[in-house]
Amino acid sequence: GGESFDLVSSVDHADSKYKNFLSITFSDSATGWVVGDSGIILKTTDSGYTWQRQPSPTTDDLIEIHFRSPYFGWTSGENCRRLYLTFDGGNTWEKIIVLGNYNYSIVACVKLEIAYVIGALGIINKSTDGGRTWFDMSFGISEDLTSLKFIDENVRFISGNSNKIYKTTDGGLNWQDQPTGINYFI
């Protein structure tokens, strides 16, 4: 697996403002979305062979997209300061919150109602109500966080712009530095 790749679809960029796709997600083997420059959102229901444009909630660049089912998903733009939520597969989007003056890099969902954002200066925020309210789960580091991965509801890994990887096994209440043996930025 992964030894070669085939181009299954290409999008004609007749309008030059849509140059880059920045994030892609699939909720199952057939249904997926891609977002990018100037708020573009495309959806496939045939494993990526064809893509249809969907309505976008913004003309800002969209940098992340995540779907937990064929209907429920998040997208974010402008350094994740703007979050949008859909309950109908991307046909309509609700602006959830304009987060504070932080530069967020990632929005990720564990379950339908549980989401995290991470970003500059070690910030970690969590929502347990679909993004309507957020609380701080930062744990005292000052590096910029750039990646968040879930193993399950309790086990998570984050990394940032240094040679550090952090792991939690209790849903983010406590984090442990994971040794990498690397003495330079990763």
Side-chain angles (χ1 to χ4, degrees), residues 20-27 32-41 54 56-69 71-87 89-90 92-162 164-178 185-186:
N20 298 302
F21 295 131
L22 302 173
S23 182
I24 190 168
T25 190
F26 277 78
S27 63
W33 295 260
V34 65
V35 296
D37 289 351
S38 302
I40 192 166
I41 302 174
Q54 285 200 287
S56 179
T58 183
T59 57
D60 292 336
D61 294 349
L62 293 172
I63 58 172
E64 285 288 327
I65 190 161
H66 298 279
F67 270 77
R68 300 300 295 173
S69 76
Y71 305 102
F72 178 81
W74 295 81
T75 190
S76 61
E78 191 186 337
N79 292 322
C80 290
R81 287 188 187 152
R82 293 195 170 111
L83 301 178
Y84 304 94
L85 177 65
T86 183
F87 292 98
T92 60
W93 295 90
E94 176 185 345
K95 184 176 179 180
I96 294 300
I97 191 168
V98 177
L99 300 172
N101 290 321
Y102 300 106
N103 287 324
Y104 292 97
S105 57
I106 294 290
V107 58
C109 301
V110 181
K111 290 182 166 181
L112 295 182
E113 66 280 357
I114 301 174
Y116 288 82
V117 290
I118 64 170
L121 303 174
I123 199 77
I124 304 171
N125 285 340
K126 179 180 180 182
S127 175
T128 57
D129 61 5
R132 284 161 181 79
T133 59
W134 296 86
F135 57 93
D136 186 15
M137 293 200 62
S138 303
F139 61 97
I141 61 171
S142 61
E143 66 193 76
D144 295 345
L145 299 174
T146 57
S147 183
L148 170 65
K149 298 299 175 198
F150 300 103
I151 305 302
D152 59 35
E153 278 190 56
N154 291 310
V155 179
R156 297 176 189 115
F157 289 88
I158 58 172
S159 64
N161 66 353
S162 70
K164 303 283 186 178
I165 298 171
Y166 301 94
K167 178 182 180 181
T168 182
T169 57
D170 59 11
L173 297 175
N174 298 287
W175 294 85
Q176 299 83 38
D177 185 355
Q178 301 295 293
F185 291 130
I186 55 175

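Remember, it's a predicted structure, so these values are computed and weren't measured experimentally. We use all heavy atoms of the structure for the numbers below, so side chains are in, but hydrogens, waters and symmetry mates are not.
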Exercise for the section: Using ring-ring contact (aromatic ring centres under 6.0 Å, His included) as the criterion, point out the one residue from Phe135, Trp74, Phe150, Trp134 that pairs with Tyr116. Expected result: Phe150
Handout entry: pair Phe139-Ile158: side-chain heavy atoms closer than 4.5 Å
Key = yes
Fill in the blank from the handout: Value for OG1 (Thr75) from CH2 (Trp93), rounded to nearest 0.5 Å, stands at 5.5 Å
Problem - Minimal non-hydrogen separation, Leu173 against Met137, with atom names - result: N-CE, 4.0 Å
Exercise for the section: State which residues pass side chain to side chain donor-acceptor pair (under 3.5 Å) with Ser23; sequence neighbours excluded, sorted by chain then number. Expected result: none
Handout entry: Pairwise distance CG(Asn125) to OG(Ser138) - rounded to 0.5 angstrom
Key = 6.0 Å
Completion exercise
Taken to the nearest 0.5 Å, the spacing of Arg156 CZ from Ile124 CD1 works out to 10.0 Å
Problem - Minimum side-chain heavy-atom gap Val117-Leu83 below 4.5 Å - result: yes
Problem - Non-hydrogen side-chain atoms of Ile41 and Pro57 separated by less than 4.5 Å - result: yes
Exercise for the section: Using the six-membered ring wherever Trp is involved, compare the ring planes of Phe87 and Phe72 and label them parallel, tilted or perpendicular (cut-offs 30° and 60°). Expected result: tilted
Completion exercise
Which of Asp170, Thr169, Thr168 passes side chain to side chain contact (heavy atoms under 4.5 Å, CB included) with Trp175? Answer is Thr168
Handout entry: Main-chain N/O of Asp37 paired with Asn20 side-chain donor or acceptor, under 3.5 Å
Key = no
Exercise for the section: Without swapping roles, check the side chain of Asn161 against the backbone of Asp144 for a donor-acceptor pair under 3.5 Å. Expected result: yes
Problem - Pairwise side-chain contact, Ile40 with Ser56, heavy-atom cut-off 4.5 Å (strictly under) - result: no
Practice task
Determine the minimum heavy-atom distance between Asp177 and Lys164, stating which atoms define it.
Solution key: OD2-NZ, 3.1 Å
Completion exercise
Interatomic distance, OG@Ser76 vs CG@Leu62, rounded to 0.5 Å, equals 7.5 Å
Practice task
Enter the distance from Gln178:CD to Tyr166:OH here, rounded to the nearest 0.5 Å.
Solution key: 10.5 Å
Fill in the blank from the handout: dist Gln54:CD -> Thr92:OG1 (nearest 0.5 Å) comes out at 9.5 Å
Handout entry: Minimum heavy-atom distance Lys126-Thr128, with the two atoms named
Key = CE-CG2, 3.8 Å
Fill in the blank from the handout: Val155 and Lys167 have their tightest heavy-atom pair at CG1-CE, 4.0 Å
Practice task
Examine distances only and state if a side-chain atom of Ser27 and a backbone atom of Arg68 form a donor-acceptor pair shorter than 3.5 Å.
Solution key: no
Handout entry: For the student: nearest non-hydrogen atoms of His66 and Glu64, plus distance
Key = NE2-OE1, 3.0 Å
Problem - Any donor-acceptor pair under 3.5 Å from Asp61 side chain to Ser38 backbone - result: yes
